[in-house]
Amino acid sequence: MNHWVVKKKPTAFSWDDLMALPDATVTWAGVRNYQAHNYMRDTMRPGEPALFYHSQTKTPAVVGVAEVASPGRPDPTQFDPSHRRYDPAASFEKPRWYAVGIRAVRRLERPVTLRELRGEPELESLELLRRGSMLTVHPIAAAAFLRILQLAAVNPAE
DNA sequence: GCCAACGTTGGC
DNA sequence: GCCAACGTTGGC
């Protein structure tokens, strides 16, 4: 069982946006980074847990727990000429891009900020903390996943 | 809004 | 195959 991190700018698509959808489920479409995409096409399996992270915002943070709801399927945006992520090289017979379904499981008790993550010695090697990291979908070690859930359950004021 | 890091594209 | 230009992602 793999654990995952999925990232979005909340101005584009936020945790609240996900919660508002039917079944709180969305197709993680539009990813055109090969490495991130390959995880969706080849590795992610329904039921695997994923942290939902808000990037490019005033206080970047992990805000919720989600799960893979459906396996990688052809990303519909690649076939749509009016879409930003349209790919003229893709066809229905030979899709180039795949996208998984992501479903909200629960909001964290409180957001765990990027600043806090940086403060945890055992999270040092976290992909999220890597300078220049641009993987909008990537795996995370089970221990790190659990540590972040622990951090969310602790009130820093106590 | 700025700047850095990285991936992709395209000329050669 | 190299590398500069460009677009995108990301933190601050």
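Every chain is numbered from 1, with letters handed out A, B, ... down the list of sequences.
Remark: P of dT9(C) and NE2 of H138(A) are 15 Å apart, rounded to the nearest angstrom. What separates CZ of R84(A) from P of dT8(C) is a distance of 6 Å, to the nearest Å. If you take NZ of K9(A) and C1' of dG7(C), they are 13 Å apart, rounded to a whole angstrom. dT9(C) atom C1' lies 10 Å from atom CG of N33(A), rounded to whole Å. Taking atom CG on L117(A) and atom C1' on dG10(C), their separation rounds to 15 Å, with Å as the unit. Taking atom NZ of residue K8(A) and atom P of nucleotide dT9(C), one finds them 9 Å apart after rounding to whole Å. In this structure, CZ of R96(A) is placed 10 Å from P of dT8(B), rounded to the nearest angstrom. Regarding R115(A), its CZ atom lies at a distance of 12 Å from the C1' atom of dG11(C), rounded to whole Å.
Taking 4.0 Å as the cut-off between side-chain N and carboxylate O, E116(A) and R110(A) count as a salt-bridged pair.
Residue pairs meeting the salt bridge (charged side-chain N to carboxylate O under 4.0 Å, His left out) criterion with at least one member in residues 132-148 of chain A, sequence neighbours excluded, are E120(A)-R147(A), E122(A)-R147(A). Annotation: salt bridge (charged side-chain N to carboxylate O under 4.0 Å, His left out) contacts involving residues 81-90 of chain A, sequence neighbours excluded, comprise D87(A)-R96(A).
Looking at residues two or more places apart in sequence or on another chain, you find a salt bridge (Lys or Arg N to Asp or Glu O under 4.0 Å) between R107(A) and D16(A). For S55(A), there are no side chain to side chain donor-acceptor pair (under 3.5 Å) partners at least two apart in sequence or on another chain.
Using five terminal pairs a side, the axes of the helix from dG1(B)-dC12(C) to dC12(B)-dG1(C) at its two ends make an angle of 10°, given in steps of 10 degrees.
Within the structure, a side-chain polar atom (N or O) of K7(A) is placed less than 4.0 Å from OP1 or OP2 of dG10(C).
In the set dT8(C), dC12(C), dG10(C), dG10(C) carries the atom at the smallest distance from any side-chain atom of Q56(A). For Y34(A), the side-chain atoms get nearest to dT8(B) when compared with the rest of dT8(B), dC12(C), dG10(C).
Note on R85(A): only backbone sugar-phosphate atoms sit closer than 4.0 angstrom, heavy atoms only; bases stay farther off.
Across residues 123-134 of chain A, S133(A), M134(A) each have a non-hydrogen atom less than 4.0 Å from an atom of DNA chain C (numbered order).
In this structure, Y86(A) has its ring center no closer than 6.0 Å to that of W97(A).
Grouping the Ile, Leu, Val, Met, Phe, Trp and Tyr side chains by contacts below 4.5 angstrom, directly or via other members, places L135(A) apart from L51(A).
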Please lay out, stage by stage, how F145(A) and W4(A) fare under the test ring-ring contact (aromatic ring centres under 6.0 Å, His included). CA-CA 8 Å; F145(A) 188 100; W4(A) 303 96; over 10 Å; no

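When side chains are defined from C-beta on, D75(A) does not count as touching Y98(A), because their heavy atoms never get closer than 4.5 Å.
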